[in-house]
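Notes for the one structure printed next.
Note that the structure is a prediction, hence the values are computed from the model and not measured. Quick note: numbers below take in every heavy atom, side chains included, and nothing from hydrogens, waters or symmetry partners.
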Amino acid sequence: MARPLSKVAPDWWDYTTLDPEILADAAKLTEESLFALSRPGFTIHYHETIEDFYLAEALEYIEGWKQATSDNPVGICGPIGPTEQLPLVARIVNSLELNLKNAHFWGMDEWVENKIPVGMDHPLSFAKADFELCFDRIDPRLRMPKENIHFPSGDLAAYTKTYDQIRCATMQGGQGDTKHWAFNDPLRREGSYKDAPPAPEEYRKLSARVTELHPITILQNARTSGGGYVANVPQFAATVGPVETWKCDRVSIWQAGMHDNPFGMRLSAWMIAKNIPDSAVPMSLLADHPNVHFHYFRPAIKKVAAEMH
């Protein structure tokens, strides 16, 4: 049976092309049944306050960096979206006087314009945000060397290689409207993917790369980061891929309700818990990762129901 066209971007794959039964099952999840989806290798956490949510996210940086030694460098891969944890990370590092000389950090992604990653002078630069919100706020005595900070904005093969050289304790991320982590978006519906999206095992072979962004992602970033100014959002980005993700000890996804909606926050969890990987919902591929954690700000879970405004 042919899969339906996307309701939002017919030339692309996305979650609206799934079997309607999967969508309906996800929509039915209550707070209680969502929490009950935890299984070995996939753990769901609820946070009752937004302060606890972002503090717990910040502490993952500290817990990872505290493990780093000269013989065993350890790093964290982190997102821009959410960003509220980043100033907390700097504050905790300074308070504990945690020396980061053996610690590492990977940025997940960066915008690309005219086939070149944007510089820190671009208003939407992710590297710029990481430095302004976190690294520049750390006491210079404690900061990690700049060579320990890795962004997918130069030699992407070299970026990938660092995941073999340094242990990544945790890869953090949010979940976008396309159910992506980093910019692992669904692909266009063309060529060999005209009738079906890439098989999960094929998509998982993708490493750090420059990728074209799904229209949903462009609109989302205009809404969350640019005041709705779509023209200012690049169409391409460099992103960490599944190859690097599967080299990380833990994948930790943080959902406060600002980057995806109540339905989307249910759908990816349902597909991971029930082992339904489908590259039209890239987050669902994490069903095959051995250590995945979803963190929810509980009041953001809400209900999937008609509500007129």
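Ion pair Lys302/Glu31 not flagged as a salt bridge, since none of the NZ, NE, NH1 or NH2 atoms sits closer than 4.0 Å to an Asp/Glu carboxylate oxygen. A salt bridge is absent between Asp11 and Lys194; no separation between the charged side-chain nitrogens and carboxylate oxygens falls under 4.0 Å. The residues Asp177 and Arg223 are annotated as salt-bridged, a charged nitrogen and a carboxylate oxygen being separated by less than 4.0 angstrom. In summary, Glu201 and Lys205 do not engage in a salt bridge, as defined by a charged side-chain N under 4.0 Å from a carboxylate O. The pair Asp164-Lys247 meets the salt-bridge criterion, since a charged nitrogen lies less than 4.0 angstrom from a carboxylate oxygen.
Asp71 and Thr69 share no side-chain donor-acceptor pair at under 3.5 Å. For the 3.5 Å distance criterion, the side chains of Trp111 and Ser125 fail to qualify, holding no donor opposite an acceptor.
Formation of a donor-acceptor pair under 3.5 Å by the His122 side chain with backbone atoms of Leu124 is found in this model. Side-chain atoms of Gln175 do not come within 3.5 Å of backbone N or O of Asp260 as any donor-acceptor pair.
Taking the centre and axis of the six-membered ring of Trp13, the NZ or CZ atom of Arg189 falls inside the cone set by 45° and 6.0 Å.
A centroid separation of less than 6.0 Å is found between the aromatic rings of Trp106 and Tyr163.
In the displayed structure, Asp155 atom CG is contacted under 6.0 Å by more than 12 heavy atoms of other residues, nucleotides or ligands. Around CZ of Arg91, the count of heavy atoms belonging to other residues, nucleotides or ligands within 6.0 Å does not exceed 12. The number of heavy-atom neighbours closer than 6.0 Å to CD of Glu21, taken from other residues, nucleotides and ligands shown, is 12 or below.
Scanning all heavy atoms of the two residues, the minimum distance from Val304 to Ala27 falls at CB-O, 3.7 Å.
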